[in-house]
Amino acid sequence: VGGYFETGTLVRYDFLPEAGTFGLREGKSLSGVGVPSEANLTQEELVFSFSTSSAPSILVYISSRTQDYVAVVLRHNGTLQIRYSLGGLTEPYTIDVDHRNMANGQPHSVNITRKLREIRLQLDHYPVSTYTLPEASDTQFNLVKSIFLGKVFETGQIDPILIERYNTPGFVGCLSRVQLNSVAPLKAALRSGLASPVSTHGILVPSNCGASPMTISPMASASDPWHIEAAGAVFPLSDDKTSGDGVDRNSAVIGG
């Protein structure tokens with residue numbers, strides 16, 4: 001499931017809805033939709049795909065009722081940054097992926113898995129990279145509140161760096177297959193016809209864009225049917241292109 005975001009579009013999925021938020025404002029009950037009444041996470045898996053030619057922007061922002069948050073952003077140069085703020089540190093723990101411009105219009109996939117202090121990151125088909133939260137950092141993501149896609153519009157305390165550097169004008173492009181553990185906020189926004197803890201602001205167009213990354217890891221020569229060793233290669237055609245009957249078997253005949 002994918003959606004094209006125009007400038008200013010955002011999707012918000014609420015884990016802990018407050019009075020006056022989407023579901024309650026519409027007079028709809030949030031029971032039975034698989035949303036926990038309270039979410040404290042010591043491990044999570046965030047998976048999504050995206051494609052864009054614009055930066056900076058906020059791709060995914062997960063808020064809480066505390067000052068805890070997790071954010072995935074594109075910086076001004078198109079490189080990816082992941083920010084963990086789980087308490088215990090004076091500044092968020094950041095993972096900077098500096099070697100690639102991901103705002104290149106191609107589809108990219110992101111898989112971020114955390115278990116306590118260990119964070120595993122896989123981009124496209126590249127090998128997994130492992131990071132470790134500092135010892136001073138908490139390991140519990142307390143009272144997870146909402147997931148924002150594309151832009152953040154939130155009350156309460158928000159990291160000013162996120163707002164000042166990445167939130168304007170907002171993500172423009174495609175987000176697809178977004179999932180945090182068992183929750184799929186974009187799918188809920190595009191397909192839910194019933195009561196749902198999700199709201200959309202701006203224009204969100206269903207799309208299959210960004211379905212799969214274009215970067216493919218090279219195939220091992222042993223399993224590559226098209227691989228030819230440079231030394232000792234035998235080709236079916238010899239330098240002598242003329243057969244015994246005087247006909248050039250490799251020539252083309254063009255008729256009028």
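Bear in mind the structure is a predicted one, so any value in this text is a computation, not a measurement.
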By salt bridge (charged side-chain N to carboxylate O under 4.0 Å, His left out), Arg165 pairs with (sequence neighbours left out) none
Without placing hydrogens or testing angles, list every side-chain donor-acceptor pair under 3.5 Å for residues 79-87, not counting sequence neighbours.
unit_1: Thr79; atom_1: OG1; unit_2: Arg75; atom_2: NE; d: 3.1
unit_1: Thr79; atom_1: OG1; unit_2: Arg75; atom_2: NH2; d: 3.0
unit_1: Thr79; atom_1: OG1; unit_2: Asn77; atom_2: OD1; d: 2.7
unit_1: Gln81; atom_1: OE1; unit_2: Arg83; atom_2: NH1; d: 2.9
unit_1: Gln81; atom_1: NE2; unit_2: Asp96; atom_2: OD1; d: 2.7
unit_1: Arg83; atom_1: NE; unit_2: Tyr69; atom_2: OH; d: 3.2
unit_1: Arg83; atom_1: NH2; unit_2: Asp159; atom_2: OD2; d: 3.0

When the ring planes of Phe171 and Phe50 are compared, do they come out parallel, tilted or perpendicular, using 30° and 60° as the limits?
perpendicular
Can you hop from Val152 to Val11 via hydrophobic side chains spaced under 4.5 Å?
no
Do Leu133 and Leu116 share a hydrophobic cluster, counting only Ile, Leu, Val, Met, Phe, Trp and Tyr and linking them when any side-chain heavy atoms are less than 4.5 Å apart?
no
More than 12 heavy atoms of other groups within 6.0 Å of Glu44 CD:
yes
Indicate the atoms forming the closest heavy-atom contact of Val97 with Leu123, along with that distance.
CG1-CD1, 3.5 Å
No-hydrogen, no-angle side-chain donor-acceptor test under 3.5 Å, Asn111 and Thr113:
yes
Contact between Arg120 and Lys115 at the side-chain level, heavy atoms closer than 4.5 Å - yes or no?
no
Name all residues meeting the side-chain contact (heavy atoms from CB on, under 4.5 Å) criterion together with Phe153; count only those two or more places apart in sequence or in a different chain, and write none if there are none.
Leu10
Hey, what's the ring geometry for Tyr126 with His99, parallel, tilted or perpendicular (30° and 60° as the breaks)?
perpendicular
Please say yes or no: joined through hydrophobic side-chain contacts below 4.5 Å, possibly via intermediate residues, are Tyr131 and Leu41 part of one cluster?
yes
Please check: side-chain N/O of Arg177 versus main-chain N/O of Gly2, any donor-acceptor pairing under 3.5 Å?
no
Tell me, do Leu180 and Phe48 make a side-chain contact under 4.5 Å, heavy atoms counted?
no
Looking at NE2 of His76 and OH of Tyr166, how far apart are the two atoms once the value is rounded to the nearest 0.5 Å?
7.5 Å
I need the minimum non-hydrogen distance between Thr66 and Asn142, along with the two atoms involved.
OG1-O, 3.8 Å
Here the gap from Gln106 atom CD to Ser53 atom OG, rounded to the nearest 0.5 Å, amounts to 9.5 Å
As an exercise, state the distance from CG of Asn181 to CD of Glu45, rounded to the nearest 0.5 Å.
7.5 Å
Testing the 3.5 Å rule here: is there a donor-acceptor pair between the side chains of Asp138 and Gln140?
no
Working to the nearest 0.5 angstrom, can you tell me the gap between Thr132 OG1 and Ile119 CD1?
7.5 Å
Less than 4.5 Å apart, side chain to side chain, heavy atoms only: is that true for Arg12 and His201?
no
Quick one: are Leu143 and Asn40 in side-chain contact, heavy atoms under 4.5 Å?
yes
For a 4.5 angstrom cut-off between non-hydrogen side-chain atoms, does Tyr13 reach Val178?
no
What is the minimum heavy-atom distance between Ala136 and Leu89, and which atoms define it?
CB-CD2, 3.7 Å
Flag the pair Tyr61 / Asn167 as yes when at least one side-chain heavy-atom distance between them is below 4.5 Å, and no otherwise.
no
Taking every non-hydrogen atom, the tightest pair across Val70 and Phe141
CG2-CE1, 3.6 Å
So do Val60 and Leu149 actually touch side chain to side chain, heavy atoms under 4.5 Å?
yes
Given Leu59, Leu204, Val172, the one that forms side-chain contact (heavy atoms from CB on, under 4.5 Å) with Phe5
Leu204
Between CG on residue Leu175 and OG1 on residue Thr9, distance to nearest 0.5 Å:
10.5 Å
Which atom pair, heavy atoms only, marks the closest approach of Ala71 to Leu162?
CB-CD2, 4.1 Å
Single-linkage hydrophobic cluster, 4.5 Å side-chain cutoff, Tyr4 and Val198 together
no
Of all heavy-atom pairs between Leu74 and Ala55, which one has the smallest distance, and what is that distance?
CB-CB, 4.5 Å
Are any non-hydrogen side-chain atoms of Phe148 and Ile58 less than 4.5 angstrom apart?
no
Just how far is it from atom CD1 of Ile112 to atom CG of Leu46, taken to the nearest 0.5 Å?
5.0 Å
Check the hydrophobic clustering (I, L, V, M, F, W, Y; side-chain heavy atoms under 4.5 Å; chains of links allowed) and say if Ile158 and Tyr93 are grouped together.
no
